[in-house]
Protein chains: 2
Amino acid sequence: MSKPDKREEIVRAALEIIAEHGFHGAPMALIADRAGVGAGTIYRYFENKDVLITELYRELEERIYPVITEGYSEVKAFRERFLHLGTALLKYFINNPLDFRYLEQFHNSPYGVAFRRDRLLGEKEGCDVYRELFDEGIAQQVLKDVPLPIHFALAFGPLLSVARDHILGFITLDDLIIARTIEACWDAVRR
Amino acid sequence: MSKPDKREEIVRAALEIIAEHGFHGAPMALIADRAGVGAGTIYRYFENKDVLITELYRELEERIYPVITEGYSEVKAFRERFLHLGTALLKYFINNPLDFRYLEQFHNSPYGVAFRRDRLLGEKEGCDVYRELFDEGIAQQVLKDVPLPIHFALAFGPLLSVARDHILGFITLDDLIIARTIEACWDAVRR
DNA sequence: TGATTCAGAATGAACGTTCATTCCATGTTT
DNA sequence: AAACATGGAATGAACGTTCATTCTGAATCA
């Protein structure tokens, strides 16, 4: 196994185990096992567990961004762009439940809070597209007159909740329900 | 200190520490310290840490319910009832940040997932008022034609997100913004 | 009243376990 | 052969839980 291969295996194993059992249900020894690697080897690639966790978060963000923005065109009507970004994000989560579960774990932990605090301006997912879209919508008075974070809450709050329910098996989403949900979010933010 | 006093102190200390640092940042020894009791004393009142955690959850639920439903009348117009329940819940969270942080921790943990799964199967809903309101709205076609869990997501998702941002200091809510936020949620669920 | 007894509440040091991290003998590459 | 990478046993810190002991205050007795 080549050098970068091992790093990749470690990251993959960490994602699987942490997404399923949380940070504290993911001992380094288990991650090493699942990656097919010695416990000590992890420390050749990551200074410690915290670094592994935040590094994994960064990699997930980078994976998501291009998928979301694929087929996204800034020239389309505002509403269409909103629906595109919402649908793309929700579908990404549904198709990548491990990524979703990991991101949730991260957000609801001291890691995530510190991370967001550092980013106070960048806000959620670090995806600038969302911020730009909402800023434009507020400026053009297409969106309601509330602060940006409220818009984020109105748009992403239901989205995350629905994704979680689907992944945990409490509901089953299909294309129709997804479309209706995103349109409902649009009703929430539009003026 | 009388007998129920100690139990109360333990519960209070556990709420404070867990809300602030999470389940794993709350060793029993620290909870005992904060409560002003010996480490072993906790085990006179709670079989183990898990029982303490779920018991505390149950107590919080019981505390919230009467506050939410105060002044709530089933005869008022549907929209008014929705706004009342939404506003009451959001304001409760803002006024009781420890409660909110604890409930979030609980929901985003194996405890919470297991808890919800039991509820779904057992039909024994904790938030009956909310369930009744939404059921009625769907039946009367005041609400959009989507499954109940989607309505929950549309209504509570933004609410929790906004409460979290406020409590973490990322935004500052006032009565006007709260009212606009709940009304936006109404736009999301209404037909 | 003051002394004595006693049940159960409270205590915290000690225990066994789990975990992140370190260490080093061994293997691999250059 | 030198330099580096690896695995997994060893380490020590932290944790939840236990239990032998101490404390407390109500009940009983003289």
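We name chains A, B, ... by the order of the sequence lines, and we start the count at 1 in each one.
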- Message: I need the CD1-C1' distance between B/Ile42 and C/dA9, as an integer number of Å.
- Response: 15 Å
- Summary of side chain to side chain donor-acceptor pair (under 3.5 Å) pairs that have at least one residue in residues 96-107 of chain B, sequence neighbours excluded: B/Tyr92-B/Asp99, B/Glu104-B/Arg164
- In whole angstrom, what separates A/Leu52's CG from C/dC19's C1'? 15 Å
- Tell me: CG of B/Leu30 to C1' of D/dA14, nearest whole Å? 13 Å
- Message: Please pick, from D/dG8, C/dA20, D/dG16, the nucleotide with the shortest atom-to-atom distance to any side-chain atom of B/Pro27.
- Response: D/dG16
- Of all the choices, D/dG16, C/dG12, C/dT21, which nucleotide is nearest to the side chain of A/Lys49 once you look at every atom? C/dT21
- Item | Between C/dG12 (C1') and B/Ile31 (CD1): distance, integer Å | 16 Å
- Would one find a side-chain N or O of B/Tyr45 under 4.0 angstrom from OP1 or OP2 of C/dA10? yes
- For A/Asn48 and C/dC19, what is the distance between atoms CG and P respectively, to the nearest whole Å? 17 Å
- Item | Nearest-Å distance for atom pair CZ/C1', residues A/Arg44 and D/dG8 | 14 Å
- Message: Given A/Tyr130, which partner from the list A/Phe156, A/Phe82, A/Tyr72 fulfils the ring-ring contact (aromatic ring centres under 6.0 Å, His included) test?
- Response: A/Phe156
- Message: Pick the closest DNA chain C nucleotide for A/Phe23 and for A/Thr41 by heavy atoms, then say which residue is nearer the 5' end.
- Response: A/Phe23
- Note on the structure: Of A/Gly25 and A/Gly40, the one whose closest nucleotide on DNA chain C sits nearer the 5' end is A/Gly25
- Sequence neighbours excluded, the answer for salt bridge (Lys or Arg N to Asp or Glu O under 4.0 Å) partners of A/Lys49 is none
- Should A/Asp145 and A/Arg191 count as an ion pair when the cut-off is N to O under 4.0 Å? no
- Message: Under a 4.0 Å threshold between the charged nitrogen and the carboxylate oxygen, would A/Glu62 count as salt-bridged to A/Arg58?
- Response: no
- Taking only the side-chain nitrogens and oxygens of A/Lys6, find out if one of them lies under 4.0 Å from OP1 or OP2 of C/dT28. no
- Item | Nucleotide C/dA10, atom P - distance to CZ of B/Arg7 in whole Å | 13 Å
- Round to the nearest Å and state the distance from B/Asp33 atom CG to C/dT11 atom C1'. 13 Å
